[in-house]
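Counting from 1, the numbers follow the sequence of the chain as shown. Any value given below was found using the heavy atoms of this structure, including those in side chains, with hydrogens, waters and symmetry copies removed. These numbers were taken from a predicted model, which means no experiment stands behind them.
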Amino acid sequence: MSYAVTNPATGETVKTYDTISDADLQAAIAAADNAYRTWAKSTTVEDRAVLVRRVGELHVERRQELAEIIVREMGKPIEQALGEVDFAGAIYEYYADHAAEFLKDEPITLLDGDGSAVIRRSGLGVLLGIMPWNFPYYQVARFAAPNLIIGNTILLKHAEQCPESAAAIEQMMLDAGFPEGAYVNIYAGHDQIEQVIADPRVQGVSLTGSERAGAKVAEIAGRNLKKVVLELGGSDPFILLSTDDLDATVQNAVDARLDNSGQSCNAAKRFVVADELYDAFLTKFTEKLAEVEATDPTSDDSALGPLSSLRAAENLDEQVKRAVENGATLVRGGGRNGAFFETTVLTDVSEDNPASKEEFFGPVAQVFRAKDEEDAVRIANDTPFGLGSYLYTTDPAQADRVADRIEAGMVFVNVVLADGAELPFGGVKRSGSGRELGRFGADEFVNKKLIRIGG
């Protein structure tokens, strides 16, 4: 395994980084464990919140530099990169603002006996974070911000193609005032990660990534009795049952599909449209997607950059071709130029087509015709994934009814791109388990200690 910054827009390898040695990895674990037993135990929630707030401020102060790093690393259009840095900063600020509230003692009303009882929340110890390339700052923020305030310490293994942003995050932690060991960046290989998870000093693992990676990490963690939070893939449905403004709904559908060049776990990927709206939607949706061309991600007006790597584009190309070979209709697109991939629309994807059960990580949309509400719910749920979902309807009763039946961790009704620091993020089925962000994101890696006092 090698860590390297390879610009997907040009194919140029900008810089390579050495994988951590076994000795240095052991030193990193020891430093994190020592920081937990000393710094974390001798500071208050308020003390740690001050440092986390400063990390958020540093994101804003260094936003241009940080954004340019991930444009090089994974091809994110510069304006979207700046937006990601800002969002990451807001997450640190959110937890700094609300940590004391989330971690305060929780009284329990006794059913019998005298005295009192409370639940007191505290850290578990050293945590391992395994983070993906698609949102290099945001993904780290939603894991690191609450856990540092809780009093956990962090070993962070970032994606192999994001070593520069990984180093930049660690530097911000140090510049904010965190001591050595509170947050440690490790350029570790897969075999080394197995050793980290097994180490008795490490108390939990959070992974955002592929199903395969999630299954492997969960298996290792299970053997070692470690708590795991998994945010895996998604093939989120966008259900359209009725609308007062089809053009606006189509634009929302395009925005939901092309966020981060289509490389977002909770992007809308399968568009399930009521029969009476299907033809008009497909025409307008295809036309709108065709207007968006993949361009130089350093340009301020770029809305669609390259995919994260040449291999990612090749894999998507193979998926599209396999879908067509199995009966899907290629309505538009499908072209690839290096890591750049055309906006693409597939229809007639049958239940037995492998494409109907796969996640397409890029600007490829599948459009399905639904006979009625019942059929739309059936199609939406006909996936091994259950991360997010989108529902458009003008009927409030229908919105409540259908949202309740969608098998997903999140349902957004008549809105897209509405994630927020305060909103819990996570899924069900093969999309993982556990939650990040919001109050629930500060309640995963904690010791919920019962303190029962007699009268």
Side-chain angles (χ1 to χ4, degrees), residues 3-17 50-97 129 131-145 148 156 158-178 183 185 187 208 255 258-264 267 292-309 339-340 417 419-421 437:
Y3 284 77
V5 177
T6 300
N7 189 331
T10 64
E12 176 193 7
T13 298
V14 179
K15 187 177 181 181
T16 59
Y17 294 72
V50 169
L51 302 183
V52 164
R53 185 182 305 281
R54 182 59 186 146
V55 174
E57 292 170 351
L58 288 172
H59 277 70
V60 176
E61 292 171 16
R62 301 176 186 179
R63 66 191 297 269
Q64 188 67 36
E65 170 194 346
L66 295 172
E68 290 173 358
I69 289 173
I70 60 175
V71 174
R72 287 193 296 273
E73 286 182 331
M74 48 77 62
K76 191 187 295 284
I78 184 63
E79 287 302 313
Q80 294 182 33
L82 289 164
E84 180 186 337
V85 175
D86 291 342
F87 190 17
I91 291 169
Y92 289 102
E93 180 182 12
Y94 171 80
Y95 280 109
D97 287 343
M131 296 293 117
W133 49 261
N134 58 336
F135 289 94
Y137 302 116
Y138 159 68
Q139 296 284 172
V140 173
R142 66 190 203 178
F143 167 63
L148 286 169
L156 201 292
H158 220 316
E160 290 86 351
Q161 71 189 76
C162 295
E164 190 177 0
S165 55
I169 295 169
E170 183 182 48
Q171 190 60 55
M172 283 188 287
M173 295 290 178
L174 294 171
D175 291 347
F178 280 101
Y183 179 101
N185 175 53
Y187 296 132
T208 298
D255 294 342
L258 296 186
D259 180 42
N260 200 35
S261 300
Q263 300 169 114
S264 177
V292 183
E293 296 183 1
T295 56
D296 177 1
T298 65
S299 173
D300 290 344
D301 60 0
S302 177
L304 178 66
L307 296 192
S308 62
S309 67
F340 291 88
L417 305 181
D419 296 346
L437 296 177

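- Y137 has its side chain within reach of I69: a pair of non-hydrogen atoms, C-beta onward, lies under 4.5 Å apart.
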Run the numbers on Q80 and E84 for side-chain hydrogen bond (donor to acceptor under 3.5 Å, both in side chains), then give the verdict. CA-CA 6 Å; Q80 294 182 33; E84 180 186 337; over 6 Å; no
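- Looking only at side-chain heavy atoms (C-beta outward), L51 and L148 stay at 4.5 Å or farther from each other.
- You'll find the side chain of L66 reaches within 4.5 Å of the side chain of M172, heavy atoms only.
- Between E73 and K15 no salt bridge is recorded (no basic side-chain N to carboxylate O distance below 4.0 Å).
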Report the C-alpha separation of Y94 and L437 in whole Å, then their side-chain angles, then the decisive distance to 0.1 Å, and conclude whether the side chain to side chain contact (heavy atoms under 4.5 Å, CB included) test is met. CA-CA 9 Å; Y94 171 80; L437 296 177; over 6 Å; no
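- Closest non-hydrogen pair, Y95 versus A145, comes out as CD1-CB, 3.8 Å.
- Minimum heavy-atom separation, N134 to S264: ND2-CA, 4.1 Å.
- For P136 against I70, the heavy-atom pair with the smallest separation is CG-CG2, 3.5 Å.
- The aromatic rings of H59 and Y92 sit tilted relative to each other, their planes meeting at an angle between 30° and 60°.
- Taking the salt bridge (charged side-chain N to carboxylate O under 4.0 Å, His left out) definition, one finds that D175 meets it with R62, sequence neighbours left out.
- More than 12 heavy atoms of other residues, nucleotides or ligands lie within 6.0 Å of CD in E61, so this atom counts as buried by the packing criterion.
- Counting all heavy atoms, side chain and backbone alike, Y187 lies closest to A167 at OH-CB, 3.6 Å.
- The side-chain contact (heavy atoms from CB on, under 4.5 Å) test applied to Q161 returns M74, W133, S308, not counting sequence neighbours.
- Residues F178 and Y183 place their aromatic rings such that the two centres sit no closer than 6.0 Å.
- With contacts defined as side-chain heavy-atom distances shorter than 4.5 Å, the pair L156/I169 does not qualify.
- Annotation for A9 and F340: closest pair O-CE1, 3.7 Å, computed over non-hydrogen atoms.
- For G75 against P306, the heavy-atom pair with the smallest separation is O-CD, 3.5 Å.
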